[in-house]
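Down below is the structure, laid out as structure tokens.
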Amino acid sequence: MLQAEDEIAASGAVLGAGFAGKRAMTSTSGPGLSLMSEMINMGVMSEIPMVIANVQRGGPSTGLPTKVEQSDLNIALYGGAGDSPRIVMAASSNRECYTGIQLAFDLAEKYQTPVIFLSDLFLGQRTVINTIERKIDRNRSTRVVPTNGDLRVYNRFQDTETGVSPWLIPGEEGALYSVTGLEHSETGNPNFAADVHLKMTDKRFRKFEAMKADLPTPRVFGDEDADIGLTCWGSPVGAVFEGMEIARETGVKSKMITSIMINPQPEEFFQAFFDSCRKIIIPEMNHQGQYAALMKSRYLIRPVEMHFPGVKQVSPRQVADKIIEVHHELTAEAASA
Amino acid sequence: MSLLQKRRVLESFERARATKARKHRDSLPTWCPGCGHFTPLQGLYEAMETLKIPVKDFVLVSGIGCSGRFPFFVRGFGLHALHGRAIPVATGVKLANPDLQVVVVGGDGDGVGIGGGHLPHAARSNFDITYLLLDNAIYGLTKGQTSPTSPMGMVSGTSPYGNISKPLNASTLALAYGATFVARVFSQERDQVTEMITKAIAHKGFSFLHVLSPCVEFHKTVTYESVKEEVCLLPADYNANDRAEALVLAESAEPVYTGLFLEEKSPSYHERVAEITSKF
């Protein structure tokens with residue numbers, strides 16, 4: 001572990017270690033992620049794996065350092081200059097923090113791109129007892145190693161079908177290259193030509209299409225035949241599940257879909273789930289409805305949004321009341337029709 | 001510039017082009033003919049040759065600025081990082097794989113301007129990296145604005161009535177921060193530059209080399225001629241082992257001393273880490 005002087009240096013050291021082929025991560029909260037934004041962008045551009053855990057608190061600015069909120073989704077997804085795709089994951093339980101961060105490293109290394117791993121204060125300061133069933137293989141690698149054929153004319157940023165280039169690590173024999181935060185050709189040398197920028201941008205985004213094969217299946221809870229569906233992310237998942245139980249006790253059925261993957265997302269599962277619902281509720285702990293906005297643009301749905309700033313966690317009662325309210329609306333609609 | 005100086009500069013330029021061309025064909029040097037940076041570039045080639053550093057184990061990390069293009073002209077692995085952030089990135093590279101020889105190149109804006117906050121920590125932690133700070137006292141890449149090492153009174157687009165802030169002295173800073181190798185050279189003195197780069201890379205721990213490297217295109221006052229007037233070699237009987245004395249000499253403005261200010265033996269960061277990990 002290296003205690004850096006600031007978040008910029010911490011993320012810089014992670015990028016440097018990633019360049020040298022070692023798995024490395026750093027963690028922060030709120031404004032620290034703003035400071036890391038430039039380095040994350042460099043990771044995207046120079047295709048270097050990084051894992052950055054952000055234990056969210058209330059914001060903006062220094063915000064509410066000891067209180068919970070889910071308002072960093074937008075900066076995680078979009079915080080950076082340029083067309084800057086990144087993997088965003090969000091754990092909904094302490095167990096998922098443990099297993100998810102391993103997946104984060106696997107994806108980062110295989111697809112050579114930064115991963116922002118979101119947790120929040122609610123998970124970060126919770127003590128739970130978990131039985132851990134997975135043994136960690138500390139030497140595992142998901143790197144796409146260059147073949148002798150690749151090394152004959154090695155291009156660090158070789159444009160392949162998946163967008164993932166075979167990756168030679170400094171210290172290994174076979175080729176030399178430089179990487180840069182500037183736009184570059186397949187060789188890695190700066191190049192600002194329009195066709196190069198078009199091709200390389202496309203390559204950086206294409207990796208996210210290829211990645212879909214490696215994503216875990218989303219978890220679906222509740223009654224399959226319910227008309228009301230919910231989706232949420234992060235620590236409220238537990239409260240929402242409990243809210244569904246409360247509503248069910250009053251005879252109102254509902255179901256929920258959630259995934260640790262925010263971007264990219266196993267879209268076909270979400271699309272099928274939403275198609276099977278008459279009403280969709282999205283509870284989350286931020287003022288803007290950041291997740292709802294993402295869901296609306298991604299799946300073209302018109303959900304019932306339920307969002308408010310943090311400090312207080314989403315409560316099961318609130319969720320149950322909303323489910324019941326939506327149920328009454330659906331019943332009234334059916335009656336008037 | 002004398003004819004001899006011009007010839008040397010052009011020679012360096014041609015050599016740099018030739019060396020670069022072997023590695024990269026689509027990235028030509030961006031420096032102006034006569035740029036002070038060609039000498040340290042040449043010095044680095046010669047140091048790599050002298051020290052027999054395998055190119056596969058050589059990583060050059062740079063920041064942003066004219067000096068930032070260094071990695072593209074050198075055979076080895078290159079990491080052209082963010083403005084001011086070359087040091088932390090190099091730290092990560094070195095700690096991830098201590099077998100790599102890591103050299104950082106940056107300018108004055110990069111090293112003591114935007115990235116000034118990283119230098120103290122690299123120095124005090126004694127990371128085994130070499131830092132070449134190419135000081136031209138101007139923001140050359142953006143066509144000549146006042147930099148943190150620009151002299152007072154300097155007129156530029158950002159100080160139209162003359163610079164009213166005192167310049168920083170990069171060598172003094174490195175000494176004060178506890179760097180275990182601090183030297184200053186003038187880029188017109190090719191042999192001195194080469195010798196000192198070689199020593200700096202061979203040094204175990206954080207080595208800081210302050211290169212006075214005039215910007216021929218945009219700087220009207222800090223030029224080869226003006227620097228040549230100011231510089232003077234450290235006294236022949238000077239032993240580079242006393243930090244307090246080194247600070248006095250490094251701070252001197254008349255003359256501006258060049259040479260090795262300080263060299264200390266101290267375990268580097270990764271050696272200290274290895275010492276801890278060996279206990280488990």
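All figures in this text were calculated on a predicted structure; none of them were measured in a lab. By convention in this document, chain letters (A, B, ...) are assigned in the order of the sequence lines, proteins followed by strands, and residues within each chain are numbered from 1. These numbers come from the heavy atoms of this one structure, side chains and all, not from hydrogens, waters or symmetry mates.
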May I ask you to check whether [Y] and [X] place their ring centres under 6.0 Å from each other?
X	Y	value
B:F181	B:F208	no
A:F192	A:H197	no
B:F127	B:F206	no

At a heavy-atom distance under 4.5 Å, which candidate from [options] has the highest pair count against chain B?
options	result
A:G188, A:G181, A:S11, A:A9	A:A9
A:D6, A:I48, A:V14	A:D6
A:L182, A:L15, A:N41	A:L182

**Request:** Below 4.5 Å from any heavy atom of chain B, which atoms of A:A10 appear? Answer side chain, backbone, both or neither.
**Result:**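 A:A10 has no heavy atom closer than 4.5 Å to chain B.
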**Item:** Which atoms of A:M45 approach chain B - backbone, side chain, both or neither, heavy atom under 4.5 Å
**Value:**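 No part of A:M45 comes within 4.5 Å of chain B.
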**Asked** Parallel, tilted or perpendicular for B:W31 and B:H37, by the 30°/60° rule?
**Response**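 The arrangement is perpendicular - the two ring planes meet at more than 60°.
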Contacting region of [X] [heavy-atom separation from chain A under 4.5 Å]:
X	value
B:F70	neither
B:L79	both
B:V59	side chain
B:L82	both
B:Y269	side chain

**Asked** B:R69 and B:H80: side-chain donor and acceptor closer than 3.5 Å?
**Response**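 No, no side-chain donor-acceptor pair sits under 3.5 Å.
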**Asked** Is the CG atom of A:N148 crowded by more than 12 outside heavy atoms at less than 6.0 Å?
**Response**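 No, CG of A:N148 has 12 or fewer neighbouring heavy atoms, counting only those of other groups under 6.0 Å.
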**Message:** Atom CD of residue position B:E271 - does it have more than 12 heavy atoms of other residues, nucleotides or ligands inside 6.0 Å?
**Reply:**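 Yes, CD of B:E271 has more than 12 neighbouring heavy atoms, counting only those of other groups under 6.0 Å.
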**Request:** Using modelled atom types only, decide if a donor and an acceptor are shared between the side chain of A:S37 and the backbone of A:L33 within a distance under 3.5 Å.
**Result:**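 The answer is yes, because a donor-acceptor pair under 3.5 Å joins these two groups.
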**Item:** Contact leader toward chain A among B:V102, B:I87, B:L100, B:V273, where contacts are heavy-atom pairs under 4.5 Å
**Value:**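 When all of B:V102, B:I87, B:L100, B:V273 are compared, B:L100 has the most.
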